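Notes for the one structure printed next.
Bear in mind the structure is a predicted one, so any value in this text is a computation, not a measurement. In this chain, residues are counted from 1 in sequence order.
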Amino acid sequence: MLAIYNQNVARAQSKRSAPPERVVEEPIATKSPNGSVTNVYQSCIAGFWRNATVIWFKNLMNVSFSVTVDGVEGQSSQTCKVELKPWHFWSKKGYKIFEIDIGRQQSGKEPHQIGIYWDLRSAKFSGSPEPCSDYYVALVFDEEIVLLLGDYKKKAYKRTKKRPALVDAVQSLKKEVAYAKKSFSTRAKFAENRGEHDIVVESSTAGPRDPEMWISIDGIVLVHVKNLQWKFRGNESVLVNKQPIQVFWDVHSWLFSGPGTGYGLFIFKPAAALAVDESEKEGSSRGSDSSGGSMFYSTSSKAAENPTRGTDFCLFLNAWKIE
């Protein structure tokens, strides 16, 4: 299970050098009592398929987010961070520009400029650092919106006066770091043509009864683990709207470590994608040939082979129990 975690994180951050501004590392995320949400998307920017990473933070005072766009051909990633001060209403709507590398094949030219437009004045939150509705964040290059987040899409197009990208960005990974006593919740979309699903993990690890755990999706309990002290690691296949999803868990730290010293790890992965990763674990290698007919260069051979589907999606939930 940890091998799957490492493979997906490595794939989502392929060919990324250390960014000039360190946005998030695991030790930093675990220090925040409100956690963080990391979303990785594949988007075509300046002729290259790149990873665009959006990280949401929330503390007692404010919400902030950052956008990191991968460099290409060994070039550095570039990061833009936006802090939304609670006492500055105007900061919840704004615009920033930052530059990205263009690649060695276009050396000598000026770096490309990326624009970020956001409007979170009416954004609603449901306990997570990431807004759940009434907002937009738009990443703009040239005359296209190459990445659009949120449900205020019409407002984003009206404000930016840009057209949609020829190929939509595809989410490849989501990782949420959450803190709670018994119940942890997150949201995920397992297929591009379907809506988001509400995921809740609940547990009972204290008291005279044997510890238990429940994992529900859209209000339906799909995984119920009894005798958790013996089954603290495991996996189970469930169906979500007729789509098979593999659920992995490792809650050893909940039961055998001190409070706040370790988190429970949960992984949700479409089963069809899992079969590919399992073959990789057994030593088989994935082909790296890119499509000869593609008009784009690529930092990821898999994105070039099928840019419309992107990479396998995977959700990671790091659940920290607090007293």
Side-chain angles (χ1 to χ4, degrees), residues 9 12-25 28-29 32 35-59 62-72 75-85 91-103 111-121 123 125 128-132 135-153 155-157 159-160 162 164-165 167-177 189 299-300 303 310-311:
V9 172
Q13 297 176 345
S14 61
K15 294 186 180 294
R16 174 182 296 177
S17 303
E21 177 184 351
R22 294 188 66 181
V23 180
V24 66
E25 294 286 347
I28 296 176
S32 170
S36 63
V37 175
T38 301
N39 293 301
V40 181
Y41 304 87
Q42 283 200 337
S43 179
C44 182
I45 303 174
F48 290 84
W49 283 97
R50 308 173 188 245
N51 287 331
T53 303
V54 181
I55 306 178
W56 296 89
F57 305 91
K58 185 179 181 182
N59 57 36
N62 68 313
V63 174
S64 61
F65 70 91
S66 67
V67 179
T68 299
V69 177
D70 273 7
V72 294
Q75 302 296 320
S76 299
S77 302
Q78 301 298 325
T79 298
C80 181
K81 188 171 183 178
V82 177
E83 293 192 11
L84 311 175
K85 302 295 184 181
S91 73
K92 296 183 179 181
K93 179 180 180 181
Y95 168 67
K96 274 189 175 183
I97 293 177
F98 67 106
E99 295 182 343
I100 60 172
D101 295 312
I102 59 177
H112 292 300
Q113 289 190 334
I114 293 282
I116 301 179
Y117 295 78
W118 68 89
D119 187 349
L120 292 98
R121 294 174 297 175
F125 297 84
S128 171
E130 182 181 22
C132 59
Y135 78 102
Y136 69 78
V137 175
L139 195 64
V140 173
F141 172 74
D142 201 5
E143 295 299 317
E144 292 185 341
I145 295 183
V146 294
L147 177 63
L148 180 55
L149 309 178
D151 54 347
Y152 276 6
K153 299 185 185 301
K155 291 185 177 182
Y157 286 117
R159 181 184 175 198
T160 62
K162 306 297 182 182
V167 181
D168 291 336
V170 178
Q171 186 173 11
S172 59
L173 181 145
K174 176 176 181 177
K175 183 179 75 172
E176 181 156 359
V177 180
K189 182 188 291 187
T299 62
S300 169
T311 58

>> To check you understand the geometry: which heavy-atom pair defines the closest contact between Cys44 and Val146, and what is its length?
In response: O-CG1, 3.6 Å

>> How long is the straight-line distance from CG of Asp142 back to CD1 of Ile45, given to the nearest 0.5 Å?
In response: 12.0 Å

> What residues, two or more places apart in sequence or in another chain, satisfy ring-ring contact (aromatic ring centres under 6.0 Å, His included) together with Phe141?
Replying inline: His112

> Atom CD in Gln113, atom CZ in Phe98: separation rounded to 0.5 Å?
Replying inline: 10.5 Å

> What are the two closest non-hydrogen atoms of Pro129 and Gly35, and how far apart are they?
Replying inline: CG-O, 3.8 Å

>> Quick one, Trp118 and Val67 - any side-chain contact, counting heavy atoms below 4.5 Å?
In response: no

> Heavy-atom distance under 4.5 Å between the side chains of Leu147 and Val54, does that happen here?
Replying inline: yes

> Can you name the residues that form a side chain to side chain donor-acceptor pair (under 3.5 Å) with Asp119, not counting sequence neighbours?
Replying inline: Arg121

> Do Lys81 and Phe57 meet the cation-pi criteria used here (NZ or CZ under 6.0 Å from the six-membered ring centre, within 45° of the axis)?
Replying inline: yes

>> Looking at Thr53, is its backbone amide N or carbonyl O close enough to the side chain of Asn39 to form a donor-acceptor pair, meaning the two atoms are under 3.5 Å apart?
In response: no

> side chain to side chain donor-acceptor pair (under 3.5 Å) with Glu83: which residues, sequence neighbours excluded?
Replying inline: Lys85

>> Taking the side chain as everything from C-beta on, heavy atoms only, tell me whether Tyr117 gets closer than 4.5 Å to Ile145.
In response: no

> Which residues pass the side chain to side chain donor-acceptor pair (under 3.5 Å) test with Ser128, sequence neighbours left out?
Replying inline: Glu176

> Hey, what do you get for OG (Ser77) to CG (Asn51), rounding to the nearest 0.5 Å?
Replying inline: 8.5 Å

> Do we get Lys58 above Phe125's six-membered ring, with its NZ or CZ under 6.0 Å from the centre and within 45° of the axis?
Replying inline: yes

> In Å, rounded to the nearest 0.5 Å, how long is the span from CD of Gln42 to CG of Asp70?
Replying inline: 9.5 Å

> Which heavy atom in Ser66 sits nearest to a heavy atom in Thr79, and how many Å separate them?
Replying inline: CB-CG2, 4.3 Å

> Nearest 0.5 Å, what's the SG-CD1 distance between Cys80 and Ile100?
Replying inline: 12.5 Å

> By side chain to side chain donor-acceptor pair (under 3.5 Å), which residues pair with Tyr41, not counting sequence neighbours?
Replying inline: none

>> The criterion is side chain to side chain contact (heavy atoms under 4.5 Å, CB included); which residues satisfy it with Lys189, sequence neighbours excluded?
In response: Glu196

>> Would you compute the distance between atom CG of Leu148 and atom NZ of Lys162 and round it to the nearest 0.5 angstrom?
In response: 14.5 Å

> Side-chain donor-acceptor pair under 3.5 Å between Arg159 and Tyr95, yes or no?
Replying inline: no

> For Leu139 and Val69, what are the C-alpha separation, side-chain angles and deciding distance, and is it a side-chain contact (heavy atoms from CB on, under 4.5 Å)?
Replying inline: CA-CA 10 Å; Leu139 195 64; Val69 177; 4.2 Å; yes

